[in-house]
Each structure stands twice: as structure tokens, then as C-alpha cells.
Amino acid sequence: MGARRRLPESFYLRDAATVARDLIGRWLRRDSVILEITEVEAYLPDDSACHGRFGRTARNAAMWGPGGRAYVYLCYGLHDMLNVVTGPEGEAAAVLIRSARPVAGLEEVQVRRGGKSGPVLLTGPGKVGAALALDPSWSHHALFERGGLELLSGEPAERWLHGPRVGIDYAAPVDRDALLRFAAVDTPWVSHRKTLRSG
DNA sequence: ACAAGGATCCTCT
DNA sequence: GAGGATCCTTGTT
């Protein structure tokens, strides 16, 4: 297994769906905690499910910036959700990290997740945010720079599952049905498995 | 200034 | 399978 290095800024300067697929199997590292990404969703410009659909606001400003930065927002008043911003400055696009598998720092993750174990520990975007102890102040943090939260290379997945995104019933039908959710094959570390198909 | 609702999670049945 | 937690963001008045 080769050494994992931080992915370069150019990795993120592509469309969100492409980056989303390419994130499966990569690693997120914060200090001693390392998580392997197993499930993601892409949110695009001109997407009625995307937070950018009302234009640039204080909350979503990071989404409008250049790719490679974090966008963390508070959901339902209590869950911190981690997104990876993609594409060029001036368009709102990002990839939501929905699930992950623990690689290192399992004990720390369990402390942050109330002592849970097994897939329930990290299958869901709010759980990933909790496991990495993130909050909205992490928005704009550069994932390709050393320190804090980093995104590391590795072997990208050759195959994946895809399906509709979760929790966006308010969106237009064409966006609700779009296959913009991607997940690793053959792993229990994925949420809402029933609506996933091989891609 | 206000009301509505949300890219979820946990517990209980 | 259903409902409550919990509070910020957004669009509207």
C-alpha cells in the first residue's frame, strides 16, 4: 500500500459529480483520526436541491468559492454536515460526505459518538461531522493544505453504487431523481442501502 | 421582525 | 415505522 498524500487543489476543480465518485475510498484525516470515505452526494449549480439555489448567502459562501475547501453547515439545529467544495470560484457546487469507515483513531471517534460501535457509528452525514468534531467555523478550510482537516489520496474505487440523494423531497422531480449519490461496493459502512444500484 | 422548515439522528413501539 | 429534539437560515411582510 503506497503512502497517502494530500490531494492537490486541482483535484477539486472539476464538476461535483466527478469529484464525488473520485472521493470514494479516499481518506479524511484530522490529527489522529482517519476515516475512509464510503458514501457521498453531489450538489450542483442549477440544482434545486443545492444550498446555492437562492444565491450567495452568509451560510453558503464557502460553496461559491474555489474547490478544495470545506463547507460545514448546521442541519436541523444540531447536526454539523461536512461538504467538499468543487469547481471554480463563482459557482455553488459541493460534495456532501455521508458515510465513512474508521481507519485510525477509533477510540476517539467512539467517544465523540457516544460509545457506539459498528456501522451505526459512521453511516450518516451528521455522524461524520461529529466523529471529526467539526462545526460551521470549519467552512473555507483548505483540505489540500497541511494541518487541521486534510483529504488524502489512495486507491480510488474502480466500481461504485449510485442512487438518488437522501432527504431532498422539496426539490424539483428531475433533481430528486438524479443519480447523484455514490457509495462504495461491498461495505457495511453505507446508509440507505436499499435505494442504491450498481453504477 | 416573523414564521416556516430543514442535505438528520435517536428512541421507542 | 413514527415522532421529537433543537435552532439557524431563508423568504416574506
Side-chain angles (χ1 to χ4, degrees), chain A residues 12 15-17 19-21 23-24 28 35 37-65 67 69-87 91-102 109-140 143 149 160-184 188-196:
Chain A
Y12 306 95
D15 82 274
V19 175
R21 282 193 299 272
L23 281 173
I24 300 293
L28 279 165
L35 307 182
I37 297 171
T38 52
E39 182 188 354
V40 297
E41 285 175 354
Y43 288 85
L44 314 178
D46 300 316
D47 172 1
S48 65
C50 181
H51 282 180
R53 67 191 180 280
F54 297 123
R56 188 176 190 135
T57 66
R59 175 174 74 153
N60 70 25
M63 282 190 95
W64 293 86
R69 280 72 175 178
Y71 165 46
V72 182
Y73 72 93
L74 188 62
C75 181
Y76 290 95
L78 58 163
H79 303 298
D80 293 296
M81 314 276 262
L82 169 63
N83 295 255
V84 174
V85 178
T86 67
E91 77 175 30
V95 176
L96 171 69
I97 309 300
R98 283 196 57 90
S99 297
R101 179 182 70 82
V109 170
Q110 287 181 315
V111 167
R112 291 170 178 169
R113 287 281 299 122
K116 301 251 184 339
S117 60
V120 72
L121 186 67
L122 279 173
T123 50
K127 301 174 185 178
V128 173
L132 294 169
L134 301 176
D135 64 58
S137 70
W138 282 85
S139 287
H140 302 284
L143 300 168
L149 183 63
W160 62 86
L161 307 177
H162 65 182
R165 293 171 291 180
V166 177
I168 57 161
D169 289 347
Y170 58 85
V174 63
D175 295 323
R176 265 195 341 237
D177 300 338
L179 300 175
L180 290 173
R181 176 167 165 247
F182 305 95
W189 300 91
V190 169
S191 71
H192 297 272
R193 176 177 301 279
K194 283 164 283 190
T195 56
L196 289 168

| request: Among A/V72, A/I97, A/L74, A/L96, find the residue that satisfies the side-chain contact (heavy atoms from CB on, under 4.5 Å) test when tested with A/M81. | output: A/L96
| request: Dump the intermediate steps for side chain to side chain contact (heavy atoms under 4.5 Å, CB included) on A/K116 and A/K127, then the final yes or no. | output: CA-CA 11 Å; A/K116 301 251 184 339; A/K127 301 174 185 178; over 6 Å; no
| Nearest-0.5 Å distance, CZ of residue A/R98 to CG of residue A/L122 | 13.0 Å
| remark: Note: A/G55 and A/N60 closest approach over all heavy atoms is O-ND2, 3.0 Å
| task | Report the residue from A/Y170, A/Y73, A/Y43 that forms a ring-ring contact (aromatic ring centres under 6.0 Å, His included) with A/H51. | result | A/Y73
| query | At under 4.0 Å, does any side-chain N or O of A/T57 touch on OP1 or OP2 of C/dT10? | reply | yes
| task | Take nucleotides 3-13 of chain B nucleotide by nucleotide from the 5' end and write B, S or -, depending on whether a protein heavy atom sits under 4.0 Å from the base, only from the sugar-phosphate, or from neither. | result | ---BBBSS---
| request: Scan residues 130-140 of chain A against DNA chain B and write down, sorted by residue number, each residue with any heavy atom closer than 4.0 Å; if none is found, say none. | output: none
| said: Are A/Y71 and A/R59 packed together at the side-chain level, in the sense that at least one heavy-atom pair is separated by less than 4.5 angstrom? | reply: yes
| remark: Contacts satisfying side-chain hydrogen bond (donor to acceptor under 3.5 Å, both in side chains) that involve residues 78-87 of chain A (not counting sequence neighbours) are none
| remark: Taking a pair to mean Watson-Crick or G-U wobble geometry with both distances below 3.5 Å, C/dC8 pairs with B/dG5
| Around atom CG of A/D135, are there more than 12 heavy atoms of other residues, nucleotides or ligands at under 6.0 Å? | yes
